[in-house]
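Hydrogens, waters and symmetry mates play no part in the numbers below; they use all other heavy atoms, side chains included. Just so we're clear, the structure is a prediction, and the values are computed from it rather than from any experiment. Just so you know, ligand 1 is whichever comes first in the structure, and atom 1 is the first atom listed for that ligand.
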Amino acid sequence: MSPSLPERAERSDGAFYDDLDGSLVEAWRLLEEGVTDRHSPCHTPSLGTLDAEGLPTVRTVVLRAVEQEARLLRFHTDLRSHKVAEIAAQPVVALHAYHPGRKIQLRLTGQALVHHGDEVARDAWQASRSFSRLCYGVEPGPGAAIEAPWDWRQGEDGSVEAESFQNFGAVLVKVESLEWLYLAARGHRRALYDWRGGALRKSWLVP
Ligand SMILES: Cc1cc2nc3c(=O)[nH]c(=O)nc-3n(C[C@H](O)[C@H](O)[C@H](O)COP(=O)(O)O)c2cc1C
């Protein structure tokens, strides 16, 4: 008989179960996997910001890069999108991902910085596929109110690439805290890692 999902997940938890440092290593591993594996749920985390009215708002983004040493995450966005103005007004953001196969939830907070027209943005732009670049040529900008659902046009290949780059933002999030939750039949495990104030503070929490 094949094992149920939780049993399968628990078989491979030897490297981190009841291990505070091991759980953090696994958290970063999952995030890194999210960049390279487009089928991983960590490929498309939810990003939370505060909107102009101070209300929490959440949307999906694609995780493009993870630098564990520097605690940086990167996603791309259109400079005209609401989230960019929201980040400018309040740079503290939240990110969330749940991996059902591994039974692991990650909740992160961090300081977001939008790069545009600089080396970070240029490198990210050059590494992205031309199909993805087309999105940044959309007119009018994302989130603009329109009369009819078709009252917008997509950027065209080639000719408008330079214009599209004007709208391209590479957002770096410096991770300040990471909360780990692992669901296991033999006992859930939850931990908090907090880099605010310099040194890493880490602690188990009641799940
Ligand atoms: C699977 C998926 C991936 C997405 N990836 C991104 C992304 O990487 N960057 C982005 O700005 N929007 C992305 N979006 C669209 C956002 O979720 C959102 O609808 C859009 O950016 C407008 O958000 P805002 O008005 O809060 O700025 C994605 C949506 C989905 C469903």
Exercise. Short list, please: which atoms of ligand 1 are under 4.0 Å from a heavy atom of H82?
Worked result: 25 (O), 27 (O)

Problem set entry | Enumerated ligand 1 atoms positioned under 4.0 Å from heavy atoms of S81 | 27 (O)

Exercise. Hey, is E26 close enough to R29 for a salt bridge, meaning N to O under 4.0 Å?
Worked result: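 Result for this pair is yes, salt bridge flagged.
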
For this session: State plainly whether the residues D18 and R189 are in salt-bridge range, i.e. N to O under 4.0 Å.
Result: yes

Seminar exercise, completed: Nearest heavy-atom contact between E86 and T57 is OE1-CG2, 3.5 Å

Problem set entry | Contact summary for W204 and S23, nearest pair of heavy atoms | CH2-OG, 4.0 Å

For [atom], what's the nearest protein heavy-atom neighbour? Residue, atom name and distance, please.
| atom | result |
| --- | --- |
| atom 22 (C) of ligand 1 | K83 NZ, 3.7 Å |
| atom 8 (O) of ligand 1 | V62 N, 2.9 Å |
| atom 9 (N) of ligand 1 | H76 O, 2.7 Å |

Exercise. Can you find an N or O of D78 that's nearer than 3.5 Å to an N or O of ligand 1?
Worked result: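 Between D78 and ligand 1, no N or O pair is found under 3.5 Å apart.
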
Problem set entry | Stacked cation flag R201 on W195, 6.0 angstrom / 45 deg |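 No, cation not above the ring by the 6.0 Å, 45° rule.
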
Exercise. Any idea which of T57, V58, T77, T60 brings a heavy atom closest to atom 4 (C) of ligand 1?
Worked result: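 When every heavy atom of T57, V58, T77, T60 is considered, T60 comes closest to atom 4 (C) of ligand 1.
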
Exercise. Would you say R71 has more than 12 foreign heavy atoms packed within less than 6.0 Å of its CZ?
Worked result: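 More than 12 heavy atoms, drawn from other residues, nucleotides or ligands, come within 6.0 Å of this atom.
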
Exercise. Within the structure, does at least one protein heavy atom fall under 4.0 Å of atom 19 (O) of ligand 1?
Worked result: no

